[in-house]
Amino acid sequence: MTAEDRRAHTRAHTRADLLVAGGGPAGLTAAATAASGGLSVVLVDSGHALGGQYWRHPPAGAQMSGTDGFHHDLTAYRSLVDTISGHAETGLVDLRLGHHAWTVRRDEDGIELHVVDRRRPGADRAVVLRGRRLLVASGAYDRQLPFPGWDLPGVYTAGALQALLKGGGVAAGRRVLVAGTGPFLLPVAVGLADAGVRVVGVHEANDPRRWLRHARAVAALPGKAVEGVEYAAALLRHRIPVRVRSTVVAAHGRERVEAVTVARLDRDGRLIEGTQQRIAVDAVGVGWGFTPQLELAVSLGCELIGSEDGNAVVDVDAWQRTSVPGVLAAGETTGIGGALLAGLEGRLAAEGLLREVGCGAPSVRLRPVRRAVARQRAFSRAMREAHPVPAGWPAWLDDETTICRCEEVRHRVVREAVASGASDGRQVKQLTRTGMGWCQGRICGFAVECLARGEVPGVAAPAPASERLVAAPLTLGALARLPSHEVE
Amino acid sequence: MRVVVVGAGIIGACVARAAVVAGCEVVVLDRDQVGSGTTSRGEGNVLVSDKPPGPELDLALASRRRWQDLGDELGRDALELESKGGLVVATSQAALEPLSRLAAAQREVGVEVEAVTDPTHVEPFLTPEAAGAQWYPQDAQVQPVLAAAAVLADARRRGVQYRPGTEVAAARTGQDGRLRGVVTTSGEVIAADAVVNCAGTWGGVVGRRLGGEVPVLPRKGFVLVTEPLPPSVRHKVYSADYVANVAASTEGLETSCVVEGTRGGTILIGASRERVGFDRSMSPLTVQRLAAQAVALFPFLAGVQLLRVYRGFRPYCPDHLPVIGPDPRVAGLFHACGHEGAGIGLAPATGDLVAAHLTGLDPMLVAGVDPAPFLPERLLRIPEETS
Amino acid sequence: MSTSTFRFDGTDIAFVPGQSVGAALVAAGRPSWRTTRHEGSPRGLFCGIGVCFDCLVTVDGFPNERACLVLAEAGQQVSTQEGSGHDR
Ligand SMILES: Cc1cc2nc3c(=O)[nH]c(=O)nc-3n(C[C@H](O)[C@H](O)[C@H](O)COP(=O)(O)OP(=O)(O)OC[C@H]3O[C@@H](n4cnc5c(N)ncnc54)[C@H](O)[C@@H]3O)c2cc1C
Ligand code: FES
């Protein structure tokens with residue numbers, strides 16, 4: 001037995017104090033705080049480097065030059081990574097990169113997190129990780145709305161443009177247009193421009209005056225205002241045209257995107273006929289807010305609540321505990337709120353645990369953390385309210401627009417299912433196969449829910465979180481080989 | 001005669017259609033939507049191969065013929081009806097003998113079955129280690145939700161009223177004690193001369209609400225769905241131990257997989273059987289066993305990815321037969337639930353039996369099946385099993 | 001900054017160690033590397049973070065790997081994937 005095998009063997013038979021699913025700001029902060037307080041932690045992330053979507057980095061040992069320039073708060077990131085690495089060396093933290101959590105189970109003894117090691121193509125391996133508690137810090141991904149041509153190569157999610165840049169040092173195009181809604185579009189545009197890309201427009205579907213209703217939440221966070229001003233300055237410096245109440249309604253091209261049509265939207269988000277304009281591009285990035293990744297929380301039966309952006313999110317208490325004993329959640333899974341809030345929530349989750357098991361230093365004063373959380377939450381609520389999905393979006397679709405990219409289900413087919421009586425996304429799926437393909441409805445789910453209901457889900461009746469008992473694919477071979485002594 | 005059908009699963013849909021064809025005025029209620037219960041959780045096997053001679057096999061054979069008729073009348077595509085046939089594989093020499101004994105007995109009562117010496121001729125990607133197999137050409141498949149929706153749509157064209165989102169809360173009883181309809185959770189009274197309990201796994205609850213409880217219990221099952229593939233598994237393929245599991249009455253977990261391809265290209269691997277009440281949680285161990293058995297049957301599956309697992313609760317009665325017929329305690333109440341892991345297959349003949357009971361016609365003539373083994377009386381004598 | 005190459009449909013694609021296969025292909029000006037099962041439409045990267053499965057590609061003979069997640073390695077054999085990626 002090699003030392004690594006021996007360590008793996010011991011781990012298989014011991015139980016960590018805390019399992020953390022997700023190595024973004026929430027998971028990283030929680031893992032670092034818990035380990036520094038003396039708790040044993042297993043930190044799992046599907047990426048090849050710590051940081052998640054916000055602090056996305058190339059893997060250790062990578063040779064890209066200067067993707068750091070694309071980052072905010074790098075010192076915070078570095079210090080967290082150093083802390084984790086230090087604890088990983090002593091064995092207090094078991095760091096599992098390139099591991100995808102595929103399912104989870106809970107019993108009297110704690111949590112069993114099932115992960116699949118996918119670092120080598122064709123050699124995936126199922127592993128069972130055990131812990132007394134689990135923190136679900138699985139983050140979120142860009143929410144999408146279909147439009148004619150959105151399945152052309154060269155049309156990306158806004159997050160993909162960012163990920164290519166931060167994680168791979170790659171600019172996806174030379175003439176790029178960014179569209180959708182929310183403050184996230186700005187760093188994407190500025191990041192591209194800084195990398196030398198010609199950003200031909202940022203099209204924000206909502207009217208920034210919607211923020212005026214939330215003046216207090218904004219005023220309480222001067223940092224956010226400064227950030228906004230910085231982005232505005234950067235947009236100006238790069239001469240990036242910003243259009244509000246405008247969006248991409250079609251992409252054109254044969255083998256790849258060559259142009260887009262943008263159009264103005266009225267106050268209710270309905271397309272104003274006659275305002276369409278064609279713009280040549282070689283890449284587009286679109287995002288309509290984010291969808292939290294709730295698979296693990298839903299599988300465990302955690303209670304959810306509605307959020308202003310129409311998402312269902314995990315309901316947590318003041319210590320980030322969910323309704324299921326031993327299961328915590330932090331970051332975007334509890335509501336889309338950005339990296340800073342995610343980190344603070346991760347911190348609270350870990351501090352709560354430390355207090356629970358008696359290693360907490362009650363001397364650590366959490367009042368400032370709680371105040372910051374309250375301010376950030378107020379701000380993010382304002383953000384979600386100021387950047388809704390436009391009610392009129394289905395008008396962009398034509399009959400032949402692809403709705404489900406995986407199963408290639410066209411709008412016409414979905415519309416017929418709705419006309420025949422299907423009144424929610426689940427029924428449309430049963431009748432048309434939307435959401436039954438590779439991505440399991442992660443991309444088209446929200447849009448199909450809108451089409452089935454005939455309205456955009458909101459806080460009172462959010463889009464239901466799909467139950468996906470398999471949170472990430474794995475081969476049947478890897479599953480069949482799952483060592484049973486580790487399971488029993 | 002006005003009939004309220006409670007539940008728009010595959011059973012409720014077939015009962016409604018048979019009743020309207022028999023001349024009843026029918027209202028179908030569901031607290032949710034057509035097919036949203038256990039009907040959307042199964043694989044849609046219409047099997048005769050897995051049943052030993054007995055009342056369930058009789059019902060299955062009658063039902064199999066009726067699925068064929070429905071396919072002719074409603075269009076096979078509307079049901080995704082495929083008469084693909086089943087291959088039951090003996091994975092070891094020891095399993096060969098009991099399998100051929102079962103096949104011989106089934107043949108006696110009208111099942112078409114034929115021994116296969118080299119099963120890889122029938123399924124080229126099957127493990128070469130298989131000892132032998134039996135081929136059942138009558139085994140077929142439908143897409144359960146599409147089938148329930150299509151049967152109900154046809155029933156509606158014939159005048160059936162469908163009311164989704166309507167939950168039955170209580171009975172409306174006449175002064176003579178006879179059931180006169182139902183009361184919904186929103187307080188509405190829906191009058192009827194007869195009420196049919198087609199609430200599947202929730203049939204026990206609905207029965208209780210209507211004054212005639214029947215012992216219907218949940219039996220949990222998982223089904224695995226792979227990534228889409230080119231056609232690779234042509235028939236329904238399962239190992240012979242499935243036959244033992246279906247009839248088993250033990251508490252514990254049983255897995256023995258049935259592997260089949262679907263039109264969408266995915267491969268379905270089902271299904272486990274566990275009696276753990278309505279526990280919705282994921283059981284990785286169960287899923288692992290199904291995967292291991294599937295890979296043993298079809299080695300190429302080791303390199304195929306699992307995309308989805310779904311779970312459902314089969315409705316079962318203590319003696320593993322469905323309960324079909326009038327409730328002897330409450331005049332006007334009829335039951336048609338508890339079809340366990342075969343409700344899709346057994347639905348059309350169940351509908352015929354209920355229509356006969358409702359109209360007083362001879363069930364033997366209408367459905368071609370002896371109704372006696374399914375009558376509720378038998379269960380009311382047996383002490384209820386706990387799970 | 002050193003670069004290495006992997007093979008993509010018979011041509012060499014340069015990458016910087018640490019890049020994903022998908023990032024390297026995009027950087028090389030190739031926005032698509034698979035066709036869909038039903039309509040045969042070209043697809044490449046979409047979400048960039050492992051969620052959408054649009055970027056499926058065959059790596060060293062193993063189909064349906066997510067190009068946005070698989071790290072590029074010298075000498076890797078990457079090929080355009082048609083339909084389900086499994087031939088039979
Ligand atoms: C894993 C698994 C695999 C299976 N595979 C197969 C297979 O291959 N072949 C096969 O033949 N069978 C299979 N089955 C079994 C089959 O799915 C069931 O036997 C069948 O669906 C039962 O149909 P049903 O109409 O009785 O019940 P359901 O489909 O559950 O319908 C009952 C309906 O009643 C409604 N309801 C309940 N309470 C109320 C109320 N108070 N008021 C109004 N409405 C109410 C519900 O909403 C529901 O729609 C499988 C089952 C499972 C779990
Ligand atoms: S681009 Fe979405 S999974 Fe790779």
Side-chain angles (χ1 to χ4, degrees), chain A residues 102-107 112-116 118 122-124 126 128 295-296 298-301 324 406-409 417 420-424 426-427 429-433 435-441 466-484 486-488, chain B residues 32-36 39-41 143-146 148-150 152-153 156 162 164-165 222-228 257 259 262-267 269 279-311:
Chain A
W102 74 269
T103 200
V104 63
R105 187 180 155 261
R106 180 179 158 271
D107 60 23
E112 211 176 82
L113 185 64
H114 288 253
V115 300
V116 53
R118 296 204 69 131
D124 62 338
V128 190
E295 285 81 1
L296 300 177
V298 170
S299 290
L300 288 167
V324 177
C406 300
E407 292 300 296
E408 304 178 86
V409 183
S420 80
S423 58
D424 63 25
R426 197 185 44 159
Q427 289 167 57
K429 166 177 165 174
Q430 295 283 0
L431 298 175
T432 68
R433 295 196 61 76
M436 289 213 182
W438 271 101
C439 89
Q440 292 289 300
S466 302
E467 181 179 68
R468 300 188 186 99
L469 295 175
V470 176
L474 76 167
T475 59
L476 291 170
L479 178 54
R481 283 189 305 271
L482 186 67
S484 50
E486 283 197 272
V487 190
E488 272 148 17
Chain B
D32 199 338
Q33 287 275 354
V34 57
S36 60
T39 294
S40 62
R41 300 290 161 162
Q143 206 276 41
V145 178
L146 288 183
L152 185 62
R156 288 171 75 186
Y162 168 49
F222 286 104
V223 178
L224 278 55
V225 188
T226 69
E227 59 176 295
C257 72
V259 181
T262 65
R263 280 202 188 178
T266 55
I267 288 183
I269 302 163
D279 170 6
R280 298 168 56 83
S281 67
M282 172 72 166
S283 324
L285 178 61
T286 309
V287 170
Q288 180 213 7
R289 280 211 211 163
L290 285 170
Q293 289 168 355
V295 169
L297 274 180
F298 288 98
F300 82 91
L301 287 175
V304 168
Q305 307 202 46
L306 172 70
L307 291 196
R308 185 157 65 103
V309 163
Y310 57 94
R311 131 207 34 64

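Chain A is the first sequence line, chain B the second, and so forth, proteins listed ahead of strands; every chain is numbered from 1.
- Atom CE of M282(B) and atom CD of E112(A) lie 10.5 Å apart (nearest 0.5 Å).
- For the residue pair T103(A) and P284(B), the shortest heavy atom distance occurs at CG2-CG, 3.9 Å.
- A pairwise comparison of heavy atoms in A302(B) and T475(A) identifies O-CB, 3.3 Å as the closest pair.
- Rounding to the nearest 0.5 angstrom, the gap separating the CZ atom in R308(B) from the CG atom in L469(A) is 10.0 Å.
- Counting only heavy atoms from C-beta outward, the side chains of R481(A) and V295(B) never approach each other to under 4.5 Å.
- Considering all non-hydrogen atoms of both residues, L476(A) and L301(B) come closest at CB-O, 3.4 Å.
- Options M436(A), R468(A), R426(A) differ in how many heavy-atom pairs under 4.5 Å they form with chain B, and the most are formed by R426(A).
- Of all heavy-atom pairs spanning A480(A) and Q288(B), the tightest one is O-NE2, 3.3 Å.
- The choice from A291(B), S36(B), G303(B), S281(B) that makes the most heavy-atom pairs within less than 4.5 Å of chain A is A291(B).
- The two residues Q430(A) and Q143(B) have their closest heavy-atom pair at O-NE2, 3.6 Å.
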For this session: Give the intermediate values and the outcome of side-chain contact (heavy atoms from CB on, under 4.5 Å) for residues E467(A) and R280(B).
Result: CA-CA 11 Å; E467(A) 181 179 68; R280(B) 298 168 56 83; 3.6 Å; yes
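- Both the backbone and the side chain of V309(B) come within less than 4.5 Å of a heavy atom in chain A.
- Of the atoms belonging to Y162(B), not a single heavy atom falls under 4.5 Å from chain A.
- Here the CZ atom belonging to R105(A) is positioned 9.0 Å from the OG1 atom belonging to T286(B), to the nearest 0.5 angstrom.
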For this session: Give the C-alpha distance, both sets of side-chain angles, the deciding distance and a yes or no for side-chain contact (heavy atoms from CB on, under 4.5 Å) between L431(A) and L146(B).
Result: CA-CA 7 Å; L431(A) 298 175; L146(B) 288 183; 3.8 Å; yes
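- Proximity to chain A is absent for every atom of V34(B), based on heavy atoms less than 4.5 angstrom apart.
- Taking each heavy atom of P473(A) and L307(B) in turn, the nearest pair found is CB-CD2, 3.9 Å.
- When the candidates R106(A), E407(A), Q440(A) are compared by the number of heavy-atom contacts under 4.5 Å with chain B, Q440(A) comes out ahead.
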